[in-house]
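First up is the structure itself, then whatever we jot down about it.
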Amino acid sequence: MHIDCDAFYAAVELLDRPELEKVPFAVGGGVLTTCNYVARLHGCRSGMAGFVARRLCPELILLKPNFDKYRAKATEVREVLARYDPRFESASIDEAYLNLTPYCEEHGLDPGEAVARLRAEVREAAKVTVSAGIAANTRLAKICSNMNKPDGQFLLPSERSAIMAFMRDMPCRKVNGIGRVLERELAALGIKTCGDIYDHRQFLYRLVGEKAYEFLLRVHLGLGRTSVQPAEEYERKSVSSERTFRDISDPVQLRVKLRASADELGKDLQRAECKGRTLALKIKLHTFEVLTRQVIPPKAVCMPDDLYNYSLPILVKLEQEIPGIKLRLLGLRCSNLVSTKKPDTLAFFGLKPPRRADQHNSGNVQPLAGHNQAEDGQWEQWPDEMLDGYEMEPEDPDVSTSSNLHPHADARREATAAPAETKEATPEPEWWDCPVCSRPQAADERRFNEHIDLCLSRQTIRDAVQQHASLLSDGDAGVPESKKQKASAEKKRGRSASGPDPRQKKLCFGS
DNA sequence: GCGGATCAG
DNA sequence: ATGGCTGATCCGC
């Protein structure tokens, strides 16, 4: 199920100031984020520039957003959600995915009944209305939650026929990973609805590339992710900070901006407890053209001074390359992150149960190559019988456009030119137990061996530690053990409890 | 890897 | 006239 608060910011403001009910108002600073019904009557839409809204409706009242307030309200809502699925996944401050199957079984309820109950509880507890979509996977549920907005719900039966019928007339743009650009490209081929995708597949492959092609076919079939997990379990991949300002050419002022950006990013990195092995400078020219340039500092960076000093040469170079450069935005980003969190001793030594999402190791250990379980979950495996007929052969005219949804292109040896090994290994046991740590590993020979190597080196470390346990005063980063323990105990207070900062997680396509 | 680009919220 | 900010992913080099 996907759940979506109705006009969240506006709804929360309305609780404090009911008198706004009658007047056109919207929430947002420079940009209008959410607005009430009256404002909409004046043509103001959410996602519209503030000044445009003002034009349309001069008496529009623009409220300054109060994110602390919205976060507090979001926790109220989430407390209810947790009763239905303790492992629900926040998709943003006002959206979440839940797996309601266990709840329905335990309470002997239909999904529809359970959701009706959930929505009533949210309204009761948090005094805001929510809309919900109930479907077989997250992609469908997301679409469904918009069907009966506001304050409604929509159930899409989990049957092939119902799903295909549902997608057939669904405008492509309603699907999560299809934005304005892709919508345009598709429209150029005559593809307006998800149902149209299949008929045009022979052109699609070359138009959008392999990934997007597979994505679109999955959309057509109504396939999507079926797993749901707390957002905290996703690993962050970058941290950035950028600011827009009045056009600046003055080199001195530009350095001031860079300094500010470095300070901001430094703070954020500290909050996120990580450093970046890669540092990127992003600028937007007064023409709105965007450029990025990156460097790999000799060591992972997180201190503002380092961020500034390593990015300054990039700026200098750009200043030389672009005479009379005039900027309207400048920012810094760190990627290739390494955690500075105190290493979890148990996990590090492999003494802890599987616990997914292998935490960032402290820099010296490479994250197991790009294909982990989380990644598998996100693309949710093609049913082989479908994958065959659907993939490749974009030009093959004999792939008839009949209504046959299972065009078994018999004996296609392999899907793509890609690694191929992983895809073909499906019938085999998916996991091999590591003889060292006995944790399950992907059944891939190369990676399995790499893992064993890893474990052996851990074993070495463990032996060394045990041997010299009393002697080792723990040299890492010069942090005394006592301090590290303490930091661990406190963790990041507030983060999990009132836990705002809902990780923005892209769920499909991108994700 | 790098840099541009799209997408989401 | 699209809007600022953060983050993720994909594509073509």
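Chain identifiers are assigned alphabetically (A, B, ...) following the order of the sequence lines, protein sequences preceding nucleic acid strands; residue numbering begins at 1 within each chain. All values below were derived from every heavy atom in this structure, side-chain atoms included, with hydrogens, water molecules and symmetry-related copies excluded.
- Applying the ring-ring contact (aromatic ring centres under 6.0 Å, His included) test to A:F166 and every residue at least two apart in sequence or in another chain returns A:F154.
- When rounded to the nearest whole Å, the span between OH of A:Y234 and C1' of B:dG9 equals 16 Å.
- The salt bridge (charged side-chain N to carboxylate O under 4.0 Å, His left out) search around A:E185 returns none, not counting sequence neighbours.
- Among the nucleotides B:dT6, C:dT6, B:dG9, the one closest to any side-chain atom of A:E242 is C:dT6.
- Contacts between residues 245-264 of chain A and DNA chain B, counted as heavy-atom distances below 4.0 Å, involve no residue at all.
- For A:S240, a side-chain nitrogen or oxygen approaches OP1 or OP2 of C:dG7 to under 4.0 Å.
- A:V295 comes within 4.0 angstrom of nothing in the nucleic acid, heavy atoms only.
- Under the side-chain contact (heavy atoms from CB on, under 4.5 Å) criterion, A:L312 pairs with A:R255, A:L258, A:Y308, A:L315, A:V316, not counting sequence neighbours.
- Regarding contacts with the backbone of B:dA8, every side-chain N or O of A:S92 stays at 4.0 angstrom or more from both OP1 and OP2.
- Contacts between residues 318-334 of chain A and DNA chain C, defined by a heavy-atom separation below 4.0 Å, involve A:R328, A:L329, listed by number.
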Set out, line by line, the N/O atom pairs under 3.5 Å between protein and nucleotides 11-13 of chain C.
{"residue": "C:dC11", "atom": "OP1", "partner": "A:K211", "partner atom": "N", "Å": "3.2"}

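- Partners of A:F67 by ring-ring contact (aromatic ring centres under 6.0 Å, His included), not counting sequence neighbours, listed by chain and number: A:Y9, A:Y70.
- For the OP1/OP2 pair of B:dA5 and a distance below 4.0 Å, the side-chain nitrogens and oxygens of A:K284 include no atom meeting the criterion.
- Among the heavy atoms of the strands lying under 4.0 Å from A:Q294 are primed sugar atoms or P, OP1, OP2 only; no base atom is included.
- For A:I296, the listed nucleotide lying nearest its side chain is B:dG1; candidates were B:dG1, C:dT6, C:dG3.
- Residues passing the side-chain contact (heavy atoms from CB on, under 4.5 Å) test with A:A125, sequence neighbours excluded: A:V80.
- Picking from B:dT6, B:dA8, C:dG7 the nucleotide with the shortest atom distance to the side chain of A:V239 gives C:dG7.
- Between the P atom of B:dG9 and the CG atom of A:D94 lies a distance of 9 Å, rounded to the nearest Å.
- Side-chain atoms of A:V31 lie closest to C:dG3 of the nucleotides B:dG9, C:dG3, B:dG4.
- Salt bridge annotation for A:E264-A:R259: absent, with no cationic side-chain nitrogen under 4.0 angstrom from a carboxylate oxygen.
- Under the side-chain contact (heavy atoms from CB on, under 4.5 Å) criterion, A:C57 pairs with A:P24, A:H42, A:C44, A:E59, A:L60, sequence neighbours left out.
- A:Y97 places its OH atom 7 Å from the P atom of B:dG9, with the value rounded to the nearest Å.
- Not a single salt bridge (charged side-chain N to carboxylate O under 4.0 Å, His left out) links A:R333 to another residue, sequence neighbours left out.
- Contact annotation for A:V52: no contact, since no heavy-atom pair falls under 4.0 Å across all strands.
- Of the listed nucleotides (C:dG3, B:dA8, C:dG7), B:dA8 has the atom at the smallest distance from the side chain of A:R173.
- For the pair A:F51 and A:S241, both in contact range of DNA chain C, the more 5′-proximal nearest nucleotide belongs to A:F51.
- Here the options are A:R139, A:R218, A:M167, the test is side-chain contact (heavy atoms from CB on, under 4.5 Å), and the partner is A:L223; only A:R218 passes.
- Look at A:K73 and A:E13 and you find no salt bridge, because none of the NZ, NE, NH1 or NH2 atoms lies under 4.0 Å from a carboxylate O.
- Both A:T244 and A:K237 lie close to DNA chain C; mapped to their nearest nucleotides by heavy-atom distance, the more 5′-ward contact belongs to A:T244.
- To the nearest angstrom, P of C:dT6 lies 16 Å from CD1 of A:I93.
- Taking the side-chain contact (heavy atoms from CB on, under 4.5 Å) definition, one finds that A:R17 meets it with A:E19, A:L20, A:L63, sequence neighbours left out.
- A:K284 meets the salt bridge (charged side-chain N to carboxylate O under 4.0 Å, His left out) test with no other residue; sequence neighbours excluded.
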